[in-house]
Enquirer: 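Please find one structure pasted underneath; my questions will follow.
So that the names make sense, note that chain A is the first sequence line, chain B the second, and so on, each numbered from 1. What you see is a predicted model, and the numbers here were worked out from it, not measured in a lab.
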There are 2 protein chains.
Amino acid sequence: MFKKVLVVEDMDDINRGVKIALLELNISEIDQVQYCDDAYLRIKKAIKDQKPYDLLISDLSFKVDHREQKYPSGETLIRALQEVQPDLKVIMYSVEDRLQKVRTLINTCNIKSYVCKGRHGLKELSKAIHTVYNNVQYLSPQVAKALSDRSNLEIDDYDLELVKQLSFGLSQDEISSYFKEENISPNSLSSIEKHLNKLKIQFKANNATHLVATVKDLGLI
Amino acid sequence: MFKKVLVVEDMDDINRGVKIALLELNISEIDQVQYCDDAYLRIKKAIKDQKPYDLLISDLSFKVDHREQKYPSGETLIRALQEVQPDLKVIMYSVEDRLQKVRTLINTCNIKSYVCKGRHGLKELSKAIHTVYNNVQYLSPQVAKALSDRSNLEIDDYDLELVKQLSFGLSQDEISSYFKEENISPNSLSSIEKHLNKLKIQFKANNATHLVATVKDLGLI
DNA sequence: TTGCCCGTTACGGATTGCCGTAATGTATTG
DNA sequence: CAATACATTACGGCAATCCGTAACGGGCAA
């Protein structure tokens, strides 16, 4: 089993629970920090001391408070760590169960497993630790289809950007200008209209406002 | 100190953490359930057995799963319990820190304290248990102003309903008709325009879409 | 009662969005 | 090269919204 594990999690209640779960797995050295920046420093120091961590368990989102952070989220932390300790095994442990988010995480970051917090979060976390130890990826059932099933991933980056700009209050005209500035194509008012139309059909939205509300509810933006 | 405490919390990791915190307060009888419906039944049974609970610690939002629930949220549970055991002391323990929500909860339900989950959630929970035991209300600092400060609560139920209908995809015209059906007043197209205009200024929104996105981000709808 | 405040309602013009049609551009295939 | 398919762009008519102005009506104080 893993010997030296670091847990990054802002909430103290969850930290308590996770610690107990790890102790039950007979993991001896458990460090816990509540900020990503602290995690980064710990991992760097551990390498320097030639006692690197075997496993990182990290939350995704962290509450902001008075301490300004260089790495405000689990995602930024993981990306930074890929240059520090690329072979570090990472288990994401988060409430986030929206496929789009999870999918980009799994594909672009080098994470070994993704566990959704929930009624059986700790049980799944234990499972994940076991399988990751045996170099097998673990995904919570809710997100397992994030990799296999492509049906829910119909919205591409362009459309995402489009809806995002809408949510910022830009008119179609303004989005057209913005896209021209940013060299995002297509950028004609007409094309933007057409794409929005497609999206409205896709998400069964009556109008732009409804579309933004729906996409926000789905957590895509 | 309290003798018999019930904890309603869906996530198992937090349950573990909370249990330890309660044990450290020398509370002997700790029951934990992961569904509000279970909590309701337990409390009823405890009364029937003439061994009622002293304290209820409840989460607000619960993940939905296969089990259909009569009480899907902490709020519905608490409201139901007011008829079962009105004198039961209740501490809400939730990540929810948006003033509007917390305020209506404190004012309309009979809850003794509100603790925000966070980096020091457990510490605050311990504090809250102590003060509630001494019949003093405890509020996490983040929401303390929910009661005192009225400045952030500028949006009333009417405006909230208005924005909500917008987010459902209704046009101003349709909202006007809807309000007439529901006998919500004012309901003329003109008034709806005016109210929306006021809201757009208030939330610095360029248009309706922007307004809905902003209000959704603030968690008001 | 009169005057005033304030919220509601009504209306008109300017802007934006919605939707269908059509022209242009581009990549693919036989 | 021609034929085809598909995406992008352009345009026009009509609906929804934005925004200013103004009329109407209830509550309240002089």
Side-chain angles (χ1 to χ4, degrees), chain A residues 150-151 153-218 220-221, chain B residues 150-151 153-218 220-221:
Chain A
R150 277 157 200 277
S151 63
L153 311 164
E154 329 88 313
I155 187 166
D156 62 17
D157 290 346
Y158 177 84
D159 289 341
L160 220 55
E161 187 62 30
L162 204 49
V163 181
K164 209 178 288 178
Q165 295 305 324
L166 267 188
S167 81
F168 293 158
L170 272 62
S171 68
Q172 296 181 3
D173 222 6
E174 288 167 330
I175 294 177
S176 169
S177 309
Y178 171 73
F179 277 11
K180 278 169 188 160
E181 278 174 27
E182 301 284 323
N183 283 321
I184 298 172
S185 168
N187 49 36
S188 75
L189 176 61
S190 196
S191 282
I192 286 166
E193 271 186 50
K194 200 158 190 174
H195 276 263
L196 281 179
N197 212 32
K198 200 188 62 190
L199 286 168
K200 277 185 286 182
I201 293 168
Q202 189 174 339
F203 288 97
K204 299 179 180 49
N206 296 339
N207 50 45
T209 303
H210 194 192
L211 176 65
V212 167
T214 304
V215 171
K216 274 190 107 70
D217 281 340
L218 291 173
L220 299 177
I221 57 171
Chain B
R150 276 157 201 279
S151 63
L153 309 166
E154 329 89 313
I155 187 166
D156 61 18
D157 290 346
Y158 177 84
D159 289 342
L160 219 55
E161 189 61 29
L162 203 51
V163 180
K164 210 180 287 179
Q165 294 305 325
L166 267 188
S167 81
F168 293 158
L170 272 63
S171 69
Q172 297 182 2
D173 223 5
E174 288 167 331
I175 294 176
S176 169
S177 307
Y178 172 73
F179 277 10
K180 279 169 189 161
E181 278 174 29
E182 301 285 323
N183 284 320
I184 299 172
S185 168
N187 50 36
S188 74
L189 178 59
S190 195
S191 282
I192 286 166
E193 271 185 49
K194 200 160 187 174
H195 276 263
L196 282 179
N197 211 32
K198 199 188 64 190
L199 286 170
K200 278 186 286 182
I201 293 168
Q202 189 174 338
F203 289 98
K204 298 179 181 50
N206 297 337
N207 51 45
T209 304
H210 195 194
L211 176 65
V212 167
T214 303
V215 171
K216 274 189 108 67
D217 282 339
L218 291 173
L220 299 176
I221 57 170

Enquirer: Would you please name every residue forming a salt bridge (charged side-chain N to carboxylate O under 4.0 Å, His left out) with A:K164, sequence neighbours left out?
Expert: none
Enquirer: Could you tell me how far apart B:L199 (CG) and D:dT17 (P) are, to the nearest whole angstrom?
Expert: 15 Å
Enquirer: By salt bridge (charged side-chain N to carboxylate O under 4.0 Å, His left out), which residues pair with A:K198, not counting sequence neighbours?
Expert: A:D159
Enquirer: Does B:F179 have any ring pair (Phe, Tyr, Trp, His ring centres under 6.0 Å) partners at least two apart in sequence or in another chain, and if so, which?
Expert: B:Y158
Enquirer: Any idea which heavy atoms bring B:S176 and B:L189 closest together, and the distance?
Expert: OG-N, 3.7 Å
Enquirer: Tell me: CD1 of A:I184 to P of D:dT8, nearest whole Å?
Expert: 13 Å
Enquirer: How would you list, by chain and number, every residue that makes a side chain to side chain contact (heavy atoms under 4.5 Å, CB included) with A:E182, sequence neighbours excluded?
Expert: A:Y178, A:I184
Enquirer: Regarding A:K200, tell me which of base, sugar-phosphate or nothing describes its non-hydrogen contacts under 4.0 Å with the strands shown.
Expert: sugar-phosphate
Enquirer: Between A:S167 and B:H210, what is the shortest heavy-atom contact and its length?
Expert: O-CD2, 3.2 Å
Enquirer: Please give, in whole Å, the distance from D:dA16 P to A:Q172 CD?
Expert: 16 Å
Enquirer: In this structure, how many angstroms lie between the P atom of D:dT8 and the CG atom of A:L196, rounded?
Expert: 13 Å
Enquirer: Would you mind reading off the distance between B:K198 atom NZ and D:dC19 atom P, rounded to a whole angstrom?
Expert: 16 Å
Enquirer: With sequence neighbours excluded, what pairs up with A:K200 under the salt bridge (charged side-chain N to carboxylate O under 4.0 Å, His left out) test?
Expert: none
Enquirer: Would you please confirm or rule out a distance under 4.0 Å between OP1 or OP2 of C:dC19 and any side-chain N or O of A:N197?
Expert: yes
Enquirer: Could you state the CD1-C1' distance from B:I201 to D:dC18, rounded to the nearest angstrom?
Expert: 12 Å
Enquirer: I'd like a list of close polar pairs between nucleotides 9-12 of chain C and the protein, N/O only, cut-off under 3.5 Å.
Expert:
unit_1, atom_1, unit_2, atom_2, d
C:dT9, OP2, B:N187, N, 3.3
C:dT9, OP2, B:S188, N, 3.3
C:dT9, OP2, B:S188, OG, 3.2
C:dT9, OP2, B:S191, OG, 2.9
C:dT9, O5', B:S188, OG, 3.4
C:dA10, N7, B:S190, OG, 2.4

Enquirer: OP1 or OP2 of C:dG7 versus the side-chain N and O atoms of B:H195: is any pair under 4.0 Å?
Expert: no
Enquirer: Can you tell me the distance, in whole Å, between the CD atom of B:E174 and the P atom of C:dC18?
Expert: 13 Å
Enquirer: Over how many whole Å does the gap from A:Y158 atom OH to D:dA7 atom P extend?
Expert: 13 Å
